[in-house]
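Reminder, nothing fancy here: chain letters follow the sequence lines and each chain counts from 1.
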2 protein chains.
Amino acid sequence: MKGKDQNTEQVILGAAVEIFQSKGFAGARMQEIADKAGINKALLHYYFRNKQLLFESVFKSALGQLVPEVSKIFNTDLSISEKVTQFVAHYIPFVNQNRYLPVFIIQELNNNPEFSDQFFSNHKLPQTEKFKNQIQEAVEKGEIRKLDPDQFILDLFAVVVFPFVGRPLMKTLLQKDDEGFDDLIQSRIEHVTTMLLNSIKK
Amino acid sequence: MKGKDQNTEQVILGAAVEIFQSKGFAGARMQEIADKAGINKALLHYYFRNKQLLFESVFKSALGQLVPEVSKIFNTDLSISEKVTQFVAHYIPFVNQNRYLPVFIIQELNNNPEFSDQFFSNHKLPQTEKFKNQIQEAVEKGEIRKLDPDQFILDLFAVVVFPFVGRPLMKTLLQKDDEGFDDLIQSRIEHVTTMLLNSIKK
DNA sequence: GTCTATAGCCAGATAGAC
DNA sequence: GTCTATCTGGCTATAGAC
């Protein structure tokens with residue numbers, strides 16, 4: 001393992017991230033990745049053997065960026081409203097910096113069911129049990145309105161992730177230009193936190 | 001225009017919908033569409049000239065299924081809560097019957113920015129002005145809490161659409177099997193309506 | 001209108017020199 | 001470790017028979 005070695009591998013990976021995330025597995029071209037990395041196509045195969053394996057590296061690192069922090073937040077001893085606040089405040093800026101990430105993950109999981117099943121049997125997603133129980137207890141104690149914890153977690157991810165995934169559509173629907181939509185994203189942390197907490201009040 | 005003509009065209013279109021919607025433009029194969037339609041590859045070109053045009057037919061009809069009803073609901077004289085209720089009650093079952101639709105639309109819009117820009121300059125999306133003004137007025141009258149109408153519309157689409165788009169991910173995250181996740185969808189109409197209306201209360 | 005056969009291209013992958 | 005050149009297969013698209 002030489003220094004140069006590591007370096008080229010990282011350069012390739014960086015280029016592959018960009019291409020795969022913006023075009024998807026099927027739409028990506030090895031030639032385009034090589035061009036972006038400033039190296040030759042043959043080198044891609046030297047380092048990653050084939051397109052599928054290169055893709056899997058990218059996919060794994062994509063999901064790896066999202067998973068650990070969710071785990072951490074969900075499994076602390078914070079209150080529900082603090083967890084919601086932290087989750088929103090952390091993920092909206094993060095996804096905003098990595099806009100292609102959610103569409104990429106979602107589209108590959110949907111387009112390749114076999115890969116997706118196999119992937120999830122080999123990689124762990126965050127544990128949500130603790131957070132679910134916490135919500136259930138709050139319901140039973142009458143601290144929040146009666147609701148299904150699973151539904152609330154769906155809502156949480158929905159309002160955080162969807163604006164990025166549905167950006168082209170919603171941008172047009174709401175008649176925003178890029179700047180206008182970015183403004184919306186900026187104000188969204190506060191809006192979403194308030195809206196989620198309001199939605200579970202009694 | 002003979003009867004047979006129409007028929008074959010429809011059969012092809014039906015097959016193309018299935019393949020394009022589950023694999024995306026880049027991942028779809030003309031051969032696979034032909035097989036599913038039970039006809040020959042050459043016929044696809046006879047009817048639709050090339051892959052791009054066939055795709056555009058599918059895409060247009062996909063969006064066409066979603067747009068008109070949104071327009072109708074948003075532009076009636078119903079109250080905000082009635083519009084929310086109708087929107088949710090109509091779209092969740094519809095999307096549930098057409099599960100690939102949202103991911104398909106979203107992924108193609110994201111992967112092909114040029115196509116998407118061009119598409120939207122030629123096709124109209126629902127007008128949201130009336131609904132936005134209605135929300136704004138309700139805020140000013142103090143009937144609901146202070147919020148940005150754009151944010152609320154984002155929330156509305158988010159909580160309705162996201163569970164379908166993020167299904168593979170959320171299914172795993174919430175540790176549901178297919179049946180369990182379907183149950184969640186079933187109860188979602190009521191949950192989402194309550195949650196949205198609750199979220200805008202003062 | 002529908003088929004078979006094939007042209008022509010392009011992308012992923014490998015061989016082999018340096 | 002990196003390159004050029006090339007093989008091989010697969011895919012869109014067309015030609016042409018029926």
Side-chain angles (χ1 to χ4, degrees), chain A residues 1-61 104 107-108 111-112 114-115 118-119, chain B residues 1-61 104 107-108 111-112 114-115 118-119:
Chain A
M1 284 254 191
K2 290 165 195 163
K4 191 74 177 296
D5 215 347
Q6 288 280 321
N7 195 37
T8 305
E9 193 168 326
Q10 288 309 310
V11 171
I12 292 176
L13 216 47
V17 165
E18 284 197 50
I19 303 297
F20 276 129
Q21 292 196 5
S22 64
K23 313 217 164 167
F25 176 79
R29 295 291 163 256
M30 295 294 267
Q31 184 62 59
E32 208 178 348
I33 296 173
D35 290 348
K36 175 143 290 194
I39 50 107
N40 196 276
K41 228 181 11 164
L43 261 198
L44 298 182
H45 291 90
Y46 176 80
Y47 279 98
F48 293 90
R49 251 249 315 258
N50 59 38
K51 189 182 179 184
Q52 182 66 32
L53 287 175
L54 177 53
F55 169 78
E56 285 174 21
S57 295
V58 170
F59 189 83
K60 230 177 286 184
S61 95
F104 171 66
Q107 95 179 341
E108 298 307 330
N111 292 346
N112 312 294
E114 345 67 50
F115 166 72
Q118 181 232 323
F119 185 87
Chain B
M1 282 255 191
K2 292 165 193 162
K4 190 74 177 298
D5 216 346
Q6 287 281 321
N7 194 37
T8 304
E9 193 167 326
Q10 288 309 312
V11 171
I12 292 176
L13 215 48
V17 165
E18 284 197 50
I19 303 298
F20 276 129
Q21 292 197 4
S22 64
K23 314 218 166 167
F25 177 79
R29 294 293 162 252
M30 294 295 267
Q31 184 62 59
E32 209 178 347
I33 296 174
D35 291 347
K36 174 142 291 191
I39 50 106
N40 195 278
K41 229 182 7 165
L43 261 197
L44 298 182
H45 291 90
Y46 176 80
Y47 279 99
F48 293 90
R49 245 239 334 256
N50 59 38
K51 188 182 177 182
Q52 183 66 33
L53 288 174
L54 177 53
F55 169 79
E56 285 173 21
S57 296
V58 170
F59 189 83
K60 231 177 286 184
S61 94
F104 171 65
Q107 95 178 343
E108 298 307 329
N111 292 346
N112 313 293
E114 345 68 51
F115 165 73
Q118 181 232 324
F119 185 87

- Item | Any Val58(B) side-chain heavy atom under 4.5 Å of Ile19(B) side chain | no
- Item | Atom pair CG/CG of Leu44(B) and Leu13(B) - distance to nearest 0.5 Å | 11.0 Å
- Query: His45(B) side chain N/O closer than 4.0 Å to the phosphate oxygens (OP1, OP2) of dT14(D)?
  - Reply: no
- Check side chain to side chain contact (heavy atoms under 4.5 Å, CB included) between Arg49(B) and all other residues, then give those that pass, not counting sequence neighbours. Leu53(B)
- Using atom CD1 of Ile12(A) as one end and atom P of dG1(D) as the other, report the distance to the nearest whole Å. 11 Å
- Task: Taking atom types as modelled, find out whether Glu56(A) and Gln52(A) have a side-chain donor-acceptor pair closer than 3.5 angstrom.
- Result: yes
- Item | Nearest non-hydrogen partners of Ala15(B) and Lys36(B), listed with the distance | CB-CG, 3.7 Å
- Task: Using a 4.5 Å cut-off on heavy atoms from C-beta on, say whether the side chain of Phe59(B) contacts that of Phe115(B).
- Result: yes
- Query: Roughly, in whole Å, what's the span from CZ in Phe48(B) to P in dG1(C)?
  - Reply: 12 Å
- List in numerical order all residues of residues 51-60 of chain A for which some heavy atom is under 4.0 Å away from an atom belonging to DNA chain D. none
- Message: With a cut-off of less than 4.0 Å, is there a side-chain N or O of Tyr46(B) near OP1 or OP2 of dA13(D)?
- Response: no
- Query: Rounded to whole angstroms, how far apart are CD on Glu9(A) and P on dT2(D)?
  - Reply: 11 Å
- Nearest-Å distance, CZ (Arg49(B)) to P (dG1(C))? 16 Å
- Query: Below 4.5 Å, heavy atoms only, C-beta onward: do Gln107(A) and Phe25(A) meet side chain to side chain?
  - Reply: no
- Task: List for me each residue that meets ring pair (Phe, Tyr, Trp, His ring centres under 6.0 Å) alongside Phe20(B), sequence neighbours excluded, and say none if there are none.
- Result: Phe55(B)
- Task: Report the C-alpha distance between Asn112(B) and Glu108(B) in whole Å, list the side-chain angles of each, state the deciding distance to 0.1 Å, and finish with yes or no for side chain to side chain donor-acceptor pair (under 3.5 Å).
- Result: CA-CA 6 Å; Asn112(B) 313 293; Glu108(B) 298 307 329; 3.0 Å; yes
Show the distances under 3.5 angstrom between N or O atoms of the protein and N or O atoms of nucleotides 3-7 of chain D.
{"unit_1": "dC3(D)", "atom_1": "OP2", "unit_2": "Asn40(A)", "atom_2": "N", "d": "3.1"}
{"unit_1": "dT4(D)", "atom_1": "OP2", "unit_2": "Asn40(A)", "atom_2": "ND2", "d": "3.0"}

- Query: Do the side-chain N or O atoms of Thr8(A) get closer than 4.0 angstrom to the phosphate oxygens (OP1, OP2) of dG1(D)?
  - Reply: no
- Note on the structure: Residues of residues 16-33 of chain A with a heavy atom under 4.0 Å from any atom of DNA chain D, listed by number, are none
- Query: Going by heavy atoms in the side chains, are Arg29(A) and Lys51(A) under 4.5 Å from each other?
  - Reply: yes
- Query: Taking only residues two or more places apart in sequence or in another chain, which ones pass side chain to side chain contact (heavy atoms under 4.5 Å, CB included) with Ala26(B)?
  - Reply: Ala26(A)
- How many Å lie between CG on Asn50(A) and P on dT8(D), as a whole number? 19 Å
